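The figures that follow rest on heavy atoms only: side chains count, while hydrogens, waters and symmetry mates do not. Here the structure is a predicted model, which is why all the values come from computation and not from measurement.
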Amino acid sequence: QVQLVESGGGLVQSGESLRLSCAASGSIFSTNAMGWYRQAPGKERELVATITSGGITNYADSVKGRFSISRDNAKNTVYLQANSLKPGDAAVYYCYARVRVHRWLRESDYWGQGTQVTVSS
């Protein structure tokens with residue numbers, strides 16, 4: 001079984017920064033893409049940023065230039081540096097990882113439990 005544990009959410013004022021972390025643990029043979037999604041009340045879950053094992057990144061247009069995703073492959077950990085936060089960034093942020101638990105098995109997607117980010121204006 002694979003577990004994703006997020007940390008780093010909280011309450012900040014508009015313009016401030018947060019750094020989210022997500023560590024994958026358990027029976028992991030290899031980890032492919034990792035990333036962050038978010039879901040605000042009444043809205044669908046949306047992509048924030050993803051990063052491949054080779055370091056190729058992808059960002060939602062709404063966060064380009066403000067957020068930065070990175071990962072430590074040795075620790076199976078992904079980070080999201082969120083700068084210049086706006087009230088519109090407030091949401092529950094979910095960590096995501098595509099993991100292969102055995103060399104002969106297909107990759108599967110795993111999700112964290114979510115961490116709340118609140119931005120006051």
| message | What I want to find out is whether Lys64 reaches Asp61 closely enough, with some N-O distance under 4.0 Å, to be called a salt bridge. | response | yes
_Val92 vs Thr115, test: side chain to side chain contact (heavy atoms under 4.5 Å, CB included). Steps then yes/no._
CA-CA 5 Å; Val92 177; Thr115 185; over 6 Å; no
Side chain to side chain contact (heavy atoms under 4.5 Å, CB included) between Phe29 and Val99: does it pass, once the steps are laid out? CA-CA 7 Å; Phe29 176 77; Val99 175; over 6 Å; no
Taken to the nearest 0.5 Å, the spacing of Cys22 SG from Glu6 CD works out to 5.0 Å
The side chain to side chain contact (heavy atoms under 4.5 Å, CB included) partner of Phe67 among Leu85, Leu18, Thr57, Asn83 is Leu85
### Task
Determine yes or no for a side-chain-to-main-chain donor-acceptor pair under 3.5 angstrom, with Arg98 supplying the side chain and Asn32 the backbone.
no
In terms of heavy-atom contacts, Met34 and Ala24 come closest through CE-CB, 4.4 Å
Check the pair Asn76, Ile28 against side chain to side chain contact (heavy atoms under 4.5 Å, CB included), reporting the backbone distance first and the verdict last. CA-CA 9 Å; Asn76 283 320; Ile28 297 174; 3.9 Å; yes
In short, Leu105 meets Arg100 closest at the heavy-atom pair O-NH1, 2.7 Å
One should read off an interatomic distance between Leu4 CG and Tyr110 OH, to the nearest 0.5 angstrom, of 9.0 Å
request  = Identify whether NZ of Lys or CZ of Arg in Arg71 sits under 6.0 Å from the centre of the six-membered ring of Tyr79 and within 45° of that ring's axis.
outcome  = no
Next item on the list: Determine, stepwise, if the pair Ser70 / Gln81 fulfils side chain to side chain contact (heavy atoms under 4.5 Å, CB included).
Entry: CA-CA 8 Å; Ser70 60; Gln81 179 67 41; over 6 Å; no
In this structure, CG of Asp109 is separated from OH of Tyr96 (nearest 0.5 Å) by 4.0 Å
Those residues at least two apart in sequence (or on a different chain) that pass side-chain contact (heavy atoms from CB on, under 4.5 Å) with Arg45 are Tyr37, Gln39, Tyr94, Trp111
